[in-house]
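Note sheet for the following structure.
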Amino acid sequence: MDRISHRHVRGGRLISAGTLNGIRAVLRSALSAARRQGVIDRNPGRGLRLPNGARPRAVVWDAEREKAWNDTGARPRVAVWGLHQVGRFLESVQTDPLFALWWLVALRGPRRGEIAGLRWEDINLTDGELTIREQVVVVRGVERLGPPKSAAGVRTLALDEFSVRLLTDLWHRQRRRFGRVDPKQRVFVHENGRPVRPDWLTRRFAKLVKDVDLPPVRLHDLRHGAAGIASAAGVDLKQIQEDMGHHTPLTTIETYICVFQQMARKAVRASAELLLQHVRVRASLAGAYQA
């Protein structure tokens, strides 16, 4: 663990405390299983102490942060787009063959492995629902199918009418192209029918973002933004937690608190502007304060 802690990751930074703690958790679990099976007589990972792996909080790309990024290249560790930036991105990729995928991640927030692993049998177009049952992970270049990140990751997400239309159109296009659509077939595939992989989605998303000239975000940050959009739309915390596939609301709050706050401020301003369009208010309220 000491050697790992001195390794550098992408961008030249040292590996984070959060990643170190994640590695320790996996090791402790494996070593505990080995002790129970009699392979070892004690778990050497139990006494290991590491720096606190505090979860980085997502922030919103506002005008000030975007200017700093343009001027100096400095960027937050985890940042999400505001509503207008998400809108710009989705408008720019309307003709992309995977538009339905980008839309669903931006709106409903599935993880990249979950959206890559989605099958047609997981979608109920009649009732407007999709169920997350498994995810795709790539290990040393080999694609593996497995359960979602946690037990809470198995969940059913409601779909709006526009999402249903997008998926219905995609189903018809695939039927015309391939002759039939197997219910066990992956929903999102390349033109040749080969399923998309999570690592390829990451690279494709990065290229699309660069082409639109938007502040940089990861594909996973588009998921973070979906939580903020839901909060701004008035969805309650418990529902957001379930939609995100988090085990507890605490995880949701710790991850998205800054996003929730900024989205809420934007939402209340928009509400006030809408109300003021229908209310005659005096140009100056100074007299009211004096009174």
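These numbers were taken from a predicted model, which means no experiment stands behind them.
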Is there a side-chain contact between Leu101 and Leu201 (heavy atoms, below 4.5 Å)? yes
Spell out, as yes or no, whether a donor-acceptor pair under 3.5 Å connects the side chain of Trp61 to the backbone of Pro216. yes
Is the side chain of Arg223 donor-acceptor paired with the backbone N or O of Met244 at a distance under 3.5 Å, no angle test? yes
From CA spacing to verdict: side chain to side chain contact (heavy atoms under 4.5 Å, CB included), Leu167, Leu104: CA-CA 10 Å; Leu167 290 168; Leu104 287 174; 4.1 Å; yes
pair Val209-Trp81: side-chain heavy atoms closer than 4.5 Å: yes
Using 4.0 Å as the upper bound for N to carboxylate O, is an ion pair formed by Asp236 and Lys238? no
Please check if the side chain of Arg197 supplies one atom and the backbone of Gly141 the other of a donor-acceptor pair under 3.5 Å. yes
Keeping Glu91 on the side-chain end and Arg88 on the backbone end, is there a donor-acceptor pair under 3.5 Å? no
Shortest non-hydrogen pair, Ala106 vs Ile229, comes out as O-CD1, 4.0 Å
Please work out whether the ring planes of His224 and His220 are parallel, tilted or perpendicular, with thresholds of 30° and 60°. perpendicular
Can you tell if the side chain of Trp171 reaches within under 4.5 Å of the side chain of Val187, non-hydrogen atoms only? no
Closest heavy-atom pair and its distance - Gly128, Val164: CA-CG2, 3.8 Å
Just by modelled atom types, is the Lys184 backbone N or O under 3.5 Å from a matching donor or acceptor in the Glu121 side chain? no
Same cluster or not: Val137 versus Val26, using hydrophobic residues (I, L, V, M, F, W, Y) connected whenever any side-chain heavy atoms lie under 4.5 Å apart? no
Taking C-beta and beyond as the side chain, do Trp103 and Val93 meet within less than 4.5 Å on heavy atoms? no
Can you give me the closest heavy-atom contact between Phe178 and Asn192, atom names plus distance? CE2-C, 4.1 Å
Looking only at non-hydrogen atoms, find the nearest pair between Glu114 and Gly153 and report the distance. OE2-O, 4.3 Å
Residues two or more places apart in sequence or in another chain: which of them pass side-chain hydrogen bond (donor to acceptor under 3.5 Å, both in side chains) with Arg204? Asp96
Between the side chain of Asp243 and the main-chain N/O of Leu157, is any donor-acceptor distance below 3.5 Å? no
Is there a side-chain contact between Val86 and Val80, using heavy atoms and a 4.5 Å cut-off? no
Would you call Arg186 and Glu143 a salt bridge, taking side-chain N to carboxylate O under 4.0 Å as the test? yes
Is the side chain of Ser29 donor-acceptor paired with the backbone N or O of Ala25 at a distance under 3.5 Å, no angle test? no
Parallel, tilted or perpendicular for Trp102 and Phe89, by the 30°/60° rule? perpendicular
Verdict with supporting geometry, Asp182 and Trp120, side chain to side chain contact (heavy atoms under 4.5 Å, CB included): CA-CA 8 Å; Asp182 187 336; Trp120 281 112; over 6 Å; no
Please examine the side chains of Pro44 and Leu31, heavy atoms only from C-beta on, and report whether any two atoms are closer than 4.5 Å. yes
Under the 3.5 angstrom rule, does the side chain of Arg175 hit a backbone N or O of Val181 as a donor-acceptor pair? no
Can you hop from Leu98 to Val212 via hydrophobic side chains spaced under 4.5 Å? yes
Could you grab the distance from atom CZ of Arg42 to atom OG of Ser32, nearest 0.5 Å is fine? 11.5 Å
Salt-bridge test for Arg119 and Asp122: reply yes if a basic N is under 4.0 Å from a carboxylate O, no otherwise. no
Quick one: are Ile4 and Leu20 in side-chain contact, heavy atoms under 4.5 Å? yes
Decide side chain to side chain contact (heavy atoms under 4.5 Å, CB included) for Arg3 and Arg7; before the verdict, give the C-alpha distance in whole Å, the side-chain angles of both, and the deciding distance to 0.1 Å. CA-CA 7 Å; Arg3 287 197 298 271; Arg7 290 183 182 174; 5.7 Å; no
OG-CG distance between Ser92 and Asp211, expressed to the nearest 0.5 angstrom: 8.5 Å
With hydrophobic residues grouped by side-chain heavy-atom distances under 4.5 Å, do Phe162 and Leu118 end up in a single group? yes
To the nearest 0.5 Å, what is the distance between CG on Leu107 and CG on Asp160? 5.5 Å
Heavy-atom check, side chain of Asn21 versus side chain of Arg24, under 4.5 Å: yes
For the CD1 atom of Ile115 and the CG atom of Leu130, what is their distance to the nearest 0.5 Å? 6.5 Å
Mark yes or no for whether Arg108, through its side chain, and Ala158, through its backbone, hold a donor-acceptor pair below 3.5 Å. yes
Taken to the nearest 0.5 Å, the spacing of Gln174 CD from Glu191 CD works out to 9.5 Å
Surrounding CZ of Arg35 (heavy atoms of other residues, nucleotides or ligands, distance under 6.0 Å), is the total greater than 12? no
Starting at CD of Glu129, measure out to OG1 of Thr156 and round the result to the nearest 0.5 Å. 6.0 Å
For a side chain to side chain contact (heavy atoms under 4.5 Å, CB included) check, start with the C-alpha distance between Leu170 and Phe99, then their side-chain angles and the critical distance, and finish with the verdict. CA-CA 10 Å; Leu170 180 61; Phe99 175 70; over 6 Å; no
In short, Pro148 meets Ile132 closest at the heavy-atom pair CG-CG2, 4.2 Å
Using a strict cut-off of less than 4.0 Å between a Lys/Arg side-chain nitrogen and an Asp/Glu carboxylate oxygen, indicate whether Arg173 and Asp169 qualify as a salt bridge. yes
According to a hydrophobic-cluster definition based on side-chain heavy atoms being under 4.5 Å apart (Ile, Leu, Val, Met, Phe, Trp, Tyr only), do Val138 and Trp200 belong together? no
Arg112 side-chain N/O to Pro198 backbone N/O, donor-acceptor pair under 3.5 Å: yes
Do you know which two heavy atoms are closest between Val136 and Gly117, and how far apart they sit? CG2-CA, 3.5 Å
